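Chain identifiers are assigned alphabetically (A, B, ...) following the order of the sequence lines, protein sequences preceding nucleic acid strands; residue numbering begins at 1 within each chain. Atoms considered below: every heavy atom in the structure, side chains included; atoms not considered: hydrogens, waters and symmetry mates. No experiment lies behind these values; they were computed from the predicted model shown.
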Amino acid sequence: MQGILDNLNPEQLKAVTLARQCALILAGAGSGKTRVLTTRIAYLIQTGAVSPAGILAVTFTNKAAREMLTRLSAMLPINTRGMWIGTFHGLCNRLLRIHFRDADLPQLFQILDSGDQQSLVKRLAKAQGIDEEKFPPRQLQAFINNCKEAGLRANAVEASDEFTRRMVTFYAEYDAQCNREGVVDFAELLLRTFELLSKNLDILQHYQARFRYILVDEFQDTNKLQYKWIKLLAGTNGCVFAVGDDDQSIYRFRGAEVGNMNELVRDFAITDVVKLEQNYRSQGNILDAANAIIAHNKARLGKNLWTAEGKGEPLRVYAAPNDEDEARFIVEEVRSLNREGIALSDMALLYRSNAQSRVLEHTLFRASVPYRVYGGLRFFERQEVKHALAYLRLAANPDDDTAFTRVVNFPPRGIGTRSVEQLQDASDQGLGSLMHGARTGIVGGRSGAALKQFVETIDALRKSSETLTLPELVEEVLERSRLKDHYGAEKDGQDRLENLNELINAAAAFAEDFEHGLEPAGEAQEDVANAGTPEQQILAAFLAHASLEAGEREAAAGQDALQLMTVHSAKGLEFSAVFISGLEEGLFPHENSMLEDGGVEEERRLMYVAITRARKRLYLSYAGSRMLHGQPRYGIVSRFVEEVPAQLCKWLVLPEKQFENRGQTTFFRGGEKRGLSPNWSAGGGRAPQADPGRYRSAERATFERQRPDEQPFSIGQNVRHAKFGDGVVIDFEGRGLDARVQVRFASEGTKWLALQFAKLTAV
DNA sequence: TGTACTTAAGTTTTT
DNA sequence: CTTAAGTACA
């Protein structure tokens, strides 16, 4: 017992050992939030306050849920299986699988990810002859999701104008179509569960009695519906332990309501909010900067981070004449820090929007600095994987029209848009799903025959799904669908084939976990009375898994590499050294945010998150000009840089030296709320020129010294390629973007590689 | 029906 | 600049 409470500070201890009462823990960045959450669970179980089965812990990401489970099993020698720890969506999926009848869902309902949802919206909008100019599919999709996340069905949405009324109608038709197909989107998982519990008192009471303790992570990110969901499950006797930080609320654009924190305090009569303000991550100056910036926001719950550590280094601020120079500066600093012994993987290069990574990547590449970009395509989102999954989905549920349209003519089998339209028309007239139409031979001629073949393939797969193990079934899918043949024949299909093989492995691994009850759905299985064949159960669980957990981001080679990511994806992480780039008005804070009410405050919280990622070193940089959409844009320093107290900063180049004629160029600074004037002057505007004298020539000299780095590979050099492995450069031609190198690989033979595309690193 | 060209548009993201 | 989506043509 003593063990788990050791080394907690007084506030952490208070939070962990609270008596049975609802609580809001205001946990600042780096204050040991996850530790408090997991220790609280361990404490409750160890003191016998509750059995593991009485715990419900909700997170936003699978990663956070896994982290919690890992730490928990390190703390307690218990079986974590009975515990409900997971994401909102994962837990809802679990509930709906158990109570599919009461939720009015087919047993093997499928989950649409955002991409699937968008194709469904597009298909439906087209079928209804909706003007895509007036109602862009993206907007329709957003409208539906916003409604659902507010807990509103179409019949509950108030529409005052014609435009909204049309969208509401569409929403109703969309839902009807989902029901026909037996599919649910992400927001539907939550709304459907909420309705299930609202309408079935016995089920609600069962779970209210079971989950005596409900814990919520990142509470500031909950949306309206999620909060209602928590409230419903907690009931009058529940005990909610919410951990959050209003200063780190950066997801308002996807429906997060910081106001839920105040609601919670009111609804659950919380009398004292526990504040965790001691920061164990950043040194003093960094923390002071964060506090100073966030102090500009109004309507905060109020919290000030402090540290027992010293002040540490000052913040480094660099004003670059342009984006390329900014990148060059960062790369030099990264190398210098690396020489001082900081691992590349312990440094992060942050930016506001993904588009900014290109210049940075280019410069890093030329300088042979290994890096890893977060935010790429994930495994289950890859085209070839989604195709294979669509066949699996049809095997599980032939009425899944989204899956049907995706693969009915992929690989190409002579079924064109015309034929699919015929099926669609028939379906619109109430003649059933697309698959049903294909089966009944609505389409004649060659296409009709091809369709018949397709139906037979799916039927065969469906039969196989009843008996084959999951990995066997996946293999069968790859063969029968001819996906393997198709990608095998494609000249650049090797990577895709590898991913398809990887899917078999993923299926095997999943089946294994499922059998051992490691997958939560494995337990849910016990609760289901009438379950179909076990093989079909596993298939449904696997498909849900593929939608809910898109898989780890593309794993780079395990080497030490600089971490590149948006500020959003940096949330929750920490690094010894952090570079925040592109600190210009219009970029960060983003220009679009200035039009929204409270938009700049959200951007400021984003800046706060960025700063508090750093342990020891923090760099802020901005560029006088930046290439955007192929044209130069001229910007001025972000207000966020100016909000940092001057005494915390060390300017590496004095700003006035770079922008000599700044006073002559007219720049606008948007207001916090109105922001009517653009903060970027367009391409034709006058640039803040660098001082043609001293500064420029000094920079030129630096560029000259950098020259050799432009051609990082010389003959005889050892290099590494992400796919082909290690090799040696044996020839070279071209310059700049056209440059190609010939590399002899240890295992893959000799290849010519375009430097522009191939990710080669020096070894 | 599939390929090649043109054109438009371009925050942040998890489930 | 890049990418995606849509249109014209073989």
Of the candidate nucleotides [options], which contains the atom at the shortest distance from the side chain of [X]?
X        : options                : answer
A:His568 : B:dT13, B:dT15, B:dG2  : B:dT13
A:Ser114 : B:dT11, B:dT15, B:dT13 : B:dT15
A:Glu596 : B:dT11, B:dT1, B:dT13  : B:dT11
A:Ser353 : B:dT11, C:dC1, B:dG2   : B:dT11
A:Thr61  : B:dT15, B:dT12, B:dT1  : B:dT15

For a quick check of understanding: with a heavy-atom distance under 4.0 Å over all strands, which category does [X] fall into, base, sugar-phosphate or nothing?
X        : result
A:Glu602 : nothing
A:Arg352 : base
A:Asn354 : sugar-phosphate

With distance as the sole test, does [X] use its side chain to make a donor-acceptor pair with the main-chain N or O of [Y] at under 3.5 Å?
X        : Y        : answer
A:His387 : A:Gln383 : yes
A:Ser249 : A:Asp246 : no
A:Asn397 : A:Glu181 : yes

Q) If we require ring centres under 5.5 Å and near-parallel planes under 30°, does A:His629 stack on B:dA9? A)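 By the stated criterion, A:His629 and B:dA9 do not stack.
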Q) Starting at the 5' end of DNA chain B, which residue's closest nucleotide do you reach first, A:Asn409 or A:Tyr251? A)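 That would be A:Asn409.
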Q. Per the atom types in the model, does the base of B:dT11 pair as donor or acceptor with the side chain of A:Ser593 at under 3.5 Å?
A.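 Checked by distance alone, the answer is no.
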Q. Distance check: side-chain N/O of A:Thr566 vs OP1/OP2 of B:dT13, anything under 4.0 Å?
A.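 Checking B:dT13 against A:Thr566, a side-chain N or O does come within under 4.0 Å of OP1 or OP2.
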Q. Under 4.0 Å between a side-chain N or O of A:Asn62 and OP1 or OP2 of B:dT15?
A.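 For B:dT15, OP1 or OP2 has a side-chain N or O of A:Asn62 closer than 4.0 Å.
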Q. What is the base-pairing partner of B:dA4, counting Watson-Crick and G-U wobble geometry with both distances under 3.5 Å?
A.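 Checking every strand shown, B:dA4 finds its partner in C:dT7, with both distances under 3.5 Å.
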Q. Just how far, in rounded Å, is P of B:dT1 from CD1 of A:Ile415?
A.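 So the two atoms are 9 Å apart, to the nearest Å.
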Q | Salt-bridge present (A:Asp245, A:Lys33; N to O < 4.0 Å) | A |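 A salt bridge is absent here (no side-chain N lies under 4.0 Å from a carboxylate O).
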Q) Taking the C1' atom of each, how far is B:dT12 from C:dA5, in whole Å? A)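 Straight-line distance between the two C1' atoms is 23 Å.
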Q | Ring centroid separation A:His89 to A:Phe60 under 6.0 Å | A |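 Ring centres of A:Phe60 and A:His89 not closer than 6.0 Å.
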